[in-house]
Enquirer: 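Next up is a structure, given as structure tokens.
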Amino acid sequence: MRNLEEVTSDHLGAQVLADLRAAGIERGGPLALTLRAGIGLGLAAAGFEQAIATVDPASVVRTVEAALRPRWVTWSNDTAKALIADGVRVATCWDIAAVHRLLFGGWRADPARVVAGLHGLASSSIPAMGQMNLLDIAGDDGADADDPVRPDGHLRPEWVAGGWAADVTRLGRWASAAFATFEQQRDRLARSDTAARAAATARSESAVELLCAELEADGLPIDIAVAEATITASVGPRTTSESSAEAARAERDAAVLRHLPASNDIDLRNPAHVKSLLNRAGVDVPDTRAWRLEPFRAAHPVVDALLTWRKAERIATTYGYSWLDEHVGRDGRLRGAWSGSDGAAGRMTAQAGLHNLPADMRVAVVAEPGYVFVRADLGQIEPRVLAAISYDRQFAAATQEDDMYAPVAARLGVDRPVAKIAVLAAMYGQTSGAAGQALRGLEAAYPVAMGYLRDADESGRAGRDLRTYGGRLIRMWPTPDHLDDREQRAVANGRGRYGRNAVVQGAAAELFKSWAVTVRARTIEHGARVVLCLHDELLVHAPAESAAVVAAVLDDCLQEAAWRWAPDRSVRFVADTSIVERWSDAKA
DNA sequence: TTGACCACGTA
DNA sequence: CGTACGTGGTCAAC
């Protein structure tokens, strides 16, 4: 028995499919999509534009996805978020915002900025929505106001500000504008120095945007009772009133303050107060950071009490009951906004504490009944990535070992810890510490890899933009005016370290994301879902009976992603994979 | 109310 | 004088 609405939407879907086929839209081909819930959707491709009025645009998308599996061209993953809310998930896309970030660097990638960038127009010249623009709707510039693009190449601000969804016709025009933008991005990528890699990165980064929308919707499984107990153990039970919360705070503070006489007026939350408190205890430090206080734990009991207080205070303020109430749903899922790429080297970011959950809280990350986590992290990812992107054959040979620092240490004639510190120092631009001698050894043993880092360092110093291996633009910033020589050198040094680090960290992010989206695609059929991405670590929520298969798929996916990312097989990538019921059981 | 700084969690 | 991120605290300038 089917209700009438289902029949009509099926019929509509079939009609749209027929139109798409008549227009020559091929399976897997690019197809621009805009939609507004309850109103309809717009579709566009080369020489094709259609506006479809329907209260249920997602079901049309579902039909087209099943039959054609297009590469959906969208302005951003807002479209995917809307589809997910209506129960529709698509396999692939071309995310215009993600590709813009790849091509132009930075984070902001709204349609106006994207179109301006492709036309070589300064973002400062983007027209703002104002009185004049309201008049523009009437087309006072003599052009067709139903065209989202102005004669000067900018998008019309009233379209950008929401006018694109004003009616169904406009959804079609907006889809056409998206398709034209896609074509320009595609052409620009094809003209880049590393066209094949950049195009692959664009596809991977686009899929990451779909993954982000799904991560945001699905959330990370949390055992709320365990989380409550963890918080209680640190800061005591939930307070029921403002006054009892204040009393609990005062009690925690007193445990520190009682170590010093007459210190009632000291505010532990004020670093300046803490500094004078420590001074009175005979501890003289330039700042009060934990790592700086650590050596003084034995010097005075107040130091130990303060460090313990800080840890509890962190839980109370950032990861306490309010965090639990605000970000963990009644269904036991921790949800936060995800971004596929930060504004710098291109790593993923997440809000709501998903990326900086204290280790103590990981006991509360528990798989649902009948499920497990398949957890995997990439081993020594950054030096392995450096070997790949620099084409250093000697360094690549070291990656054949499970522990690549061992052969490096042997070659340098130093202990493993020294070799490790030297490699990290080279990649991160560290100048202090005991890495000096070993660094010179690295230069001699791996001149190609070290030269790659030096080039990035010099570009940064000079203020020249860089590109990662996968083609992401890393933008440098100018040296401010009116700095003395020393300050100018400090800025240049900072850019050098940044460039040196960004080419490695950014390339590692590209490989990781390629892995993550491959896992996303390959594990769906096993009923598994990626629930956390943490720079080099993946957490996949999988049915218990599929755990072994999913674990094997994760390893296969790494090889597939590595091959797709860097077809040179001389660099070996390794993952440490485990099957656990709670996240805290995974780390050795 | 906003932005700077500190501090600290993660990789 | 390793980089990157998000969060919450205080303080000073609005």
Side-chain angles (χ1 to χ4, degrees), chain A residues 107 220 234 249 253 266-275 285-294 306-307 309-320 322-323 326-327 334 336-362 365 377-382 385 420-433 435-436 439 453 456-457 460-461 466 468 472 474 486-487 489-509 512-513 532-539 583 587:
Chain A
W107 190 82
L220 179 68
S234 181
R249 265 162 55 120
D253 294 4
I266 288 181
D267 180 0
L268 293 175
R269 292 159 192 83
N270 183 332
H273 286 206
V274 171
K275 209 172 150 188
V285 281
D287 60 63
T288 72
R289 290 183 165 87
W291 63 269
R292 218 187 271 285
L293 294 179
E294 197 59 48
L306 175 69
L307 290 171
W309 175 89
R310 280 253 179 91
K311 218 169 170 69
E313 189 68 8
R314 171 65 46 183
I315 297 288
T317 56
T318 308
Y319 302 105
S322 54
W323 166 78
E326 192 175 341
H327 300 295
L334 168 59
W338 284 81
S339 162
S341 140
D342 61 30
R347 301 218 291 194
M348 296 174 76
T349 68
Q351 296 180 326
L354 281 156
H355 268 182
N356 41 5
L357 209 60
D360 293 344
M361 191 54 75
R362 295 185 179 189
V365 180
D377 72 282
L378 302 177
Q380 304 171 340
I381 182 59
E382 294 195 337
V385 158
K420 178 178 175 177
I421 287 173
V423 170
L424 295 176
M427 291 189 300
Y428 300 159
Q430 184 185 337
T431 51
S432 61
L439 265 174
L453 293 171
D457 193 298
R461 280 175 187 281
L466 283 161
T468 63
R472 179 180 302 281
I474 298 167
R486 203 177 58 81
E487 289 167 326
R489 273 200 306 277
V491 171
N493 288 344
R495 279 197 309 247
R497 281 193 309 278
Y498 175 74
R500 187 182 274 267
N501 182 257
V503 289
V504 177
Q505 189 187 94
F512 172 80
K513 287 192 272 187
L532 190 72
C533 295
L534 197 45
H535 307 313
D536 67 351
E537 182 174 3
L538 271 180
L539 209 55
W583 193 14
K587 275 290 177 193

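Here is how names work: the chains are called A, B, and so on, in the same order as the sequence lines, proteins then strands, and each is numbered from 1. Side chains included, hydrogens not; waters and symmetry mates left out as well; all remaining heavy atoms used. Small disclaimer: the values here were computed from a predicted structure and weren't measured.
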Enquirer: Measure from the side-chain heavy atoms of A/Tyr428 and tell me the nearest of C/dG8, C/dG2, C/dG6.
Expert: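 Nearest listed nucleotide: C/dG2.
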
Enquirer: Output the rounded distance in Å from OH (A/Tyr319) to P (C/dT7).
Expert: 8 Å

Enquirer: Reckon A/Ala352 touches a base, only the sugar-phosphate, or nothing at all at heavy-atom distances under 4.0 Å?
Expert: sugar-phosphate

Enquirer: Would you kindly give the CE-to-C1' distance between A/Met348 and C/dC5, to the nearest whole Å?
Expert: 13 Å

Enquirer: Contact class for A/Arg500 (heavy atom, under 4.0 Å): base, sugar-phosphate, or nothing?
Expert: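 Nothing, no nucleic acid heavy atom in range.
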
Enquirer: Any donor-acceptor pair under 3.5 Å joining the side chain of A/Arg310 to the base of B/dA7?
Expert: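 Looking at the base of B/dA7, it does not pair with any donor or acceptor on the side chain of A/Arg310 (distance under 3.5 Å).
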
Enquirer: Cut-off 3.5 Å, side chains only: do A/Arg269 and A/Thr317 have a donor facing an acceptor?
Expert: no

Enquirer: To the nearest Å, give me how far apart NZ (A/Lys311) and P (C/dG8) are.
Expert: 18 Å

Enquirer: What nucleotide, of B/dT10, C/dT10, C/dT7, holds the atom closest to the side chain of A/Arg314?
Expert: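 Within the option list, the nearest is C/dT7.
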
Enquirer: Counting any heavy atom closer than 4.0 Å, what does A/Arg289 reach on the DNA or RNA strands: base, sugar-phosphate only, or nothing?
Expert: sugar-phosphate

Enquirer: What orientation do A/His355 and A/His535 show, parallel under 30°, tilted 30 to 60°, or perpendicular over 60°?
Expert: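 Taking A/His535 first and then A/His355, their aromatic rings sit tilted (interplane angle of 30° to 60°).
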
Enquirer: Could you tell me which non-hydrogen atom of A/Ser341 sits nearest to which non-hydrogen atom of A/Ser339, and how far apart they are?
Expert: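 That would be O-OG, 3.0 Å.
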
Enquirer: Can you tell me which residue among A/Arg500, A/Glu382, A/Gln505 is in a side chain to side chain contact (heavy atoms under 4.5 Å, CB included) with A/Tyr428?
Expert: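 When side chain to side chain contact (heavy atoms under 4.5 Å, CB included) is applied between A/Tyr428 and each of A/Arg500, A/Glu382, A/Gln505, only A/Glu382 qualifies.
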
Enquirer: In whole Å, what is the span from the CZ atom of A/Arg292 to the C1' atom of B/dC6?
Expert: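 Interatomic distance, CZ of A/Arg292 to C1' of B/dC6: 13 Å.
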
Enquirer: Report the distance from atom OG1 of A/Thr318 to atom CG of A/Asn356, rounding to the nearest 0.5 Å.
Expert: 8.5 Å

Enquirer: If you compare every side-chain N and O of A/Arg269 against the phosphate oxygens of C/dG8 (OP1, OP2), does one of them come in below 4.0 Å?
Expert: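 For C/dG8, OP1/OP2 do not have a side-chain N/O of A/Arg269 under 4.0 Å.
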
Enquirer: Between A/Gln351 and A/Ala344, which has a closest nucleotide on DNA chain C that is more 5'?
Expert: A/Ala344

Enquirer: Report yes if at least one side-chain N or O of A/Asn270 is closer than 4.0 Å to OP1 or OP2 of C/dC11; otherwise report no.
Expert: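 Yes, because at least one side-chain N or O of A/Asn270 sits under 4.0 Å from OP1 or OP2 of C/dC11.
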
Enquirer: Below 4.0 angstrom from OP1 or OP2 of B/dA7, is there any side-chain N or O of A/Thr288?
Expert: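 Answer yes for this pair, as a side-chain N or O of A/Thr288 is under 4.0 Å from OP1 or OP2.
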
Enquirer: When the P atoms of B/dC5 and C/dC1 are considered, how many whole Å apart are they?
Expert: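 Between the two P atoms, the distance is 13 Å.
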
Enquirer: Working to the nearest 0.5 Å, report the span between CE of A/Met427 and CZ of A/Arg497.
Expert: 15.5 Å

Enquirer: CD of A/Glu313 versus C1' of C/dG9: gap in Å, rounded?
Expert: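 Taking CD of A/Glu313 and C1' of C/dG9, I get 9 Å after rounding.
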
Enquirer: For A/His355 and C/dT7, give me the distance from atom NE2 to atom C1', rounded to whole Å.
Expert: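 From A/His355 NE2 to C/dT7 C1': 14 Å.
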
Enquirer: Is the shortest distance from a Lys or Arg side-chain nitrogen in A/Asp342 or A/Arg347 to a carboxylate oxygen in the other one below 4.0 Å?
Expert: no

Enquirer: How many Å lie between CG on A/Leu220 and P on B/dT10, as a whole number?
Expert: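 So the CG-P distance, A/Leu220 to B/dT10, works out to 15 Å.
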
Enquirer: Which is true for A/Ala345 with a 4.0 Å heavy-atom rule: it touches a base, it touches only sugar-phosphate, or it touches nothing?
Expert: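 Result for A/Ala345 = nothing.
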
Enquirer: When we call it a touch if two heavy atoms are under 4.0 Å apart, what does A/Asn493 touch: a base, just sugar-phosphate, or nothing?
Expert: nothing

Enquirer: What's the CG-C1' distance between A/Leu354 and B/dA11, to the nearest Å?
Expert: 14 Å

Enquirer: Toward the 5' end of DNA chain C, which comes first, A/Gly353 or A/His535, by nearest nucleotide?
Expert: A/His535

Enquirer: Go through C/dA4, B/dA7, B/dA11 for me and flag the one nearest to the A/Tyr498 side chain.
Expert: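 The answer is C/dA4, which lies nearest to the side chain.
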
Enquirer: Classify the nucleic acid contact of A/Leu357 as base, sugar-phosphate or nothing, counting any heavy atom under 4.0 Å across all strands shown.
Expert: sugar-phosphate

Enquirer: If you look at every strand shown and take non-hydrogen atoms under 4.0 Å, does A/Ala350 touch a base, only sugar-phosphate, or nothing?
Expert: sugar-phosphate

Enquirer: Quick check on C/dG2: is either OP1 or OP2 less than 4.0 Å from any side-chain nitrogen or oxygen of A/Arg497?
Expert: no

Enquirer: With sugar-phosphate meaning primed atoms plus P, OP1 and OP2, does A/Ala359 contact a base, only sugar-phosphate, or nothing at under 4.0 Å between heavy atoms?
Expert: sugar-phosphate

